[in-house]
Protein chains: 2
Amino acid sequence: MHSFTEENYLKTIYYLAARQEGEVTTNSLAEMTATKAASVSDMLRKLAEKQLIHYKKYQGVRLTEEGERLALKVIRRHRIWEVFLAEKLGFGWDEVHEMAEELEHIRSEDLVQKLDAFLGYPQFDPHGDPIPSPAGQMPTVEYTKLSEVTIGEEVQVMGVLEHSPEFLQHLDKTGLNLGCRVLVQDVNAFDKSVSVQINHEKTLFVSNEVARNLLVN
Amino acid sequence: MHSFTEENYLKTIYYLAARQEGEVTTNSLAEMTATKAASVSDMLRKLAEKQLIHYKKYQGVRLTEEGERLALKVIRRHRIWEVFLAEKLGFGWDEVHEMAEELEHIRSEDLVQKLDAFLGYPQFDPHGDPIPSPAGQMPTVEYTKLSEVTIGEEVQVMGVLEHSPEFLQHLDKTGLNLGCRVLVQDVNAFDKSVSVQINHEKTLFVSNEVARNLLVN
DNA sequence: AAAAATTTTTAGACTCGTCTAAATTTTTAT
DNA sequence: ATAAAAATTTAGACGAGTCTAAAAATTTTT
């Protein structure tokens with residue numbers, strides 16, 4: 001069995017590897033896990049001993065197959081719990097992450113399996129992130145950032161890149177929810193902000209900052 | 001905030017105080033928490049410093065008001081999660097305890113409140129144990145042990161004193177489930193075993209050991 | 001290509017919760 | 001009432017995970 005903390009490191013390494021190009025560094029891990037680089041170094045040595053990561057001193061880190069399997073298990077649990085919290089308990093998509101950070105560490109194969117069934121085998125969490133399969137496969141999705149969509153195209157909001165409550169609450173306020181249709185009317189040449197029409201109704205101005213963090217198809 | 005471990009000690013002290021007459025001792029805590037007496041001593045000093053227990057060396061231990069409030073909070077979470085696992089996910093009453101031991105430590109007032117609402121504000125957990133109120137009151141129930149019921153009386157199974165999976169599975173096998181009606185037909189003078197009729201159908205012999213652990217009204 | 005800056009690792013220490021072994025207090029038995 | 005037994009606490013240690021400060025390696029700058 002692996003500790004709480006080890007699971008968090010593996011999960012974080014997975015996220016950083018997926019997000020960044022290049023190696024996952026000690027510093028980036030320290031930042032993500034809100035610890036110090038020294039602590040990360042210690043833990044990397046430990047994870048390497050357990051064969052969960054490939055690690056050469058000063059050279060960054062990569063998950064082994066076993067490490068990735070574990071990371072995806074944790075991510076699967078996290079996202080399934082998020083669906084439960086949002087769909088069954090009525091929490092907002094800006095609230096579910098924090099609770100799921102704790103729930104993801106409850107270790108019972110049976111529990112997550114039954115929960116998955118109870119929820120009807122959801123494919124995506126409340127932020128549009130795909131849920132890894134029980135076998136440990138991360139579904140591939142190819143979405144585009146709203147900031148890349150050309151004028152005149154109509155797309156649908158499928159997910160977010162930024163998961164902070166502040167960002168999600170901002171989307172709630174402006175009505176940019178998952179699944180809503182967005183017609184790109186204009187792109188401002190100066191600041192790259194986007195003028196969009198939502199659900200064939202109201203028109204909205206979306207900053208480039210926001211558009212870069214909205215995933216559409 | 002209090003640690004996982006502290007919560008477990010408080011909960012255990014509460015249970016032992018309710019179950020036993022007299023003081024809760026270091027040894028009984030050590031047995032219940034599957035640790036050694038020395039570890040318990042250390043923790044008691046710590047809990048006393050935090051004013052969660054009344055503690056004089058060599059003299060046993062009692063929860064303070066604040067300690068009891070916390071213990072009941074944990075027990076409430078535990079039992080609500082048990083209801084969820086049994087009613088919504090379809091786990092047996094012999095399976096829910098272990099998972100609830102982990103879930104009870106998830107700290108979000110909001111979560112337990114919403115879960116409670118989702119479950120329709122249940123009054124009892126799957127073993128018939130009452131669920132403490134949000135304000136931290138343990139409902140009083142006065143049940144009788146089946147072993148105390150006089151011949152000819154018909155009663156209903158309301159709960160269990162023994163919570164081990166083995167005991168619960170035994171009850172499942174013999175059909176002695178929560179809510180079933182039990183008519184006491186005879187009591188064996190020698191071994192105090194009880195002959196009962198269940199739901200006006202089949203007749204069953206129940207050992208005194210089992211009868212002493214079955215709560216009826 | 002050497003110096004400076006940055007990143008990473010090591011060394012040593014701390015907290016939490018646990019342990020064993022020894023000391024102390026309380027209880028029980030004679 | 002005192003000795004023996006049992007329960008409890010203290011002392012000292014350990015592993016996990018963290019920290020700060022210092023050392024070492026790597027990268028960037030000049």
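From a predicted model like this one, the values you see are computed outputs, not experimental measurements. As a basis for the values below, the full set of heavy atoms in this structure was taken, side chains included, without hydrogen atoms, waters or symmetry mates.
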**Asked** Between Lys36(B) (NZ) and dA13(D) (C1'), how many Å, whole number?
**Response** 15 Å
**Base-pair map of DNA chain D as dot-bracket, where | denotes pairing with a different strand and pairs are Watson-Crick or G-U under 3.5 Å** = ||||||||||||||||||||||||||||||
**Request:** Walk me through it: do Leu119(A) and Lys88(A) pass the test side-chain contact (heavy atoms from CB on, under 4.5 Å)?
**Result:** CA-CA 8 Å; Leu119(A) 298 171; Lys88(A) 299 296 183 180; 3.8 Å; yes
**Request:** Using only side-chain N and O atoms of Ser3(A), determine if any of them is under 4.0 Å from OP1 or OP2 of dA16(D).
**Result:** no
**Request:** Select from Met43(B) and Ala38(B) the residue whose nearest nucleotide in DNA chain C is closer to the 5' end of that strand.
**Result:** Met43(B)
**Item:** Backbone N/O of Thr35(B) and side chain of Ser39(B): donor-acceptor pair under 3.5 Å
**Value:** no
**Message:** I want to check one thing: is the phosphate of dT9(D), taken as OP1 and OP2, less than 4.0 Å away from some side-chain N or O of Thr26(B)?
**Reply:** yes
**Request:** Figure out the CG/C1' separation between Leu29(B) and dT9(D), and round it to whole Å.
**Result:** 14 Å
**Prompt:** Closer than 4.0 Å, any side-chain N/O of Asn27(B) to the OP1 or OP2 of dA6(D)?
**Reply:** no
**Message:** Taking the side chain as everything from C-beta on, heavy atoms only, tell me whether Val194(A) gets closer than 4.5 Å to Asn208(A).
**Reply:** no
**Complete:** Here the distance between atom P of dT8(D) and atom CG of Leu44(B), to the nearest Å, is 10 Å
**Request:** Would you check if the distance from the ring center of Phe91(B) to the ring center of Phe84(B) is below 6.0 Å?
**Result:** no
**Message:** Within the 4.0 Å heavy-atom criterion, would you say Tyr9(A) contacts the bases, only the backbone, or no part of the nucleic acid?
**Reply:** sugar-phosphate
**Request:** Give a yes/no on whether any side-chain N or O of Ser39(A) is located under 4.0 angstrom from OP1 or OP2 of dT18(D).
**Result:** no
**Message:** His163(B): which residues meet the ring pair (Phe, Tyr, Trp, His ring centres under 6.0 Å) condition with it, sequence neighbours left out?
**Reply:** His127(B)
**Prompt:** Are the side chain of Ser195(A) and the backbone of Phe205(A) linked by a donor-acceptor contact shorter than 3.5 Å?
**Reply:** no
**Contact residues, residues 52-61 of chain B to DNA chain D [heavy atom, < 4.0 Å]** = Tyr55(B), Lys57(B), Tyr58(B)
**Request:** Would you kindly give the CZ-to-P distance between Arg45(B) and dA11(D), to the nearest whole Å?
**Result:** 10 Å
**Message:** Taking any heavy-atom pair under 4.0 Å as a contact, classify Ser41(B): base, sugar-phosphate, or nothing.
**Reply:** base
**Message:** Is there a side-chain contact (heavy atoms from CB on, under 4.5 Å) between Ile75(B) and Met138(B)? Walk through the geometry before answering.
**Reply:** CA-CA 9 Å; Ile75(B) 292 169; Met138(B) 179 66 90; 4.2 Å; yes
**Message:** Restricting to non-hydrogen atoms, name the atom on Ala86(B) and the atom on Pro126(B) that form the minimum distance, rounded to 0.1 Å.
**Reply:** CB-CG, 3.6 Å
**Asked** Counting side-chain heavy atoms from C-beta on, which of dT9(C), dT18(D), dT18(C) comes nearest to Thr5(A)?
**Response** dT18(D)
**Fill in**
For Arg77(B) and Arg107(B) the tightest heavy-atom approach is NH1-CA, 4.3 Å
**Fill in**
Atom CG of Asp42(A) and atom P of dC14(C) are separated, to the nearest Å, by 16 Å
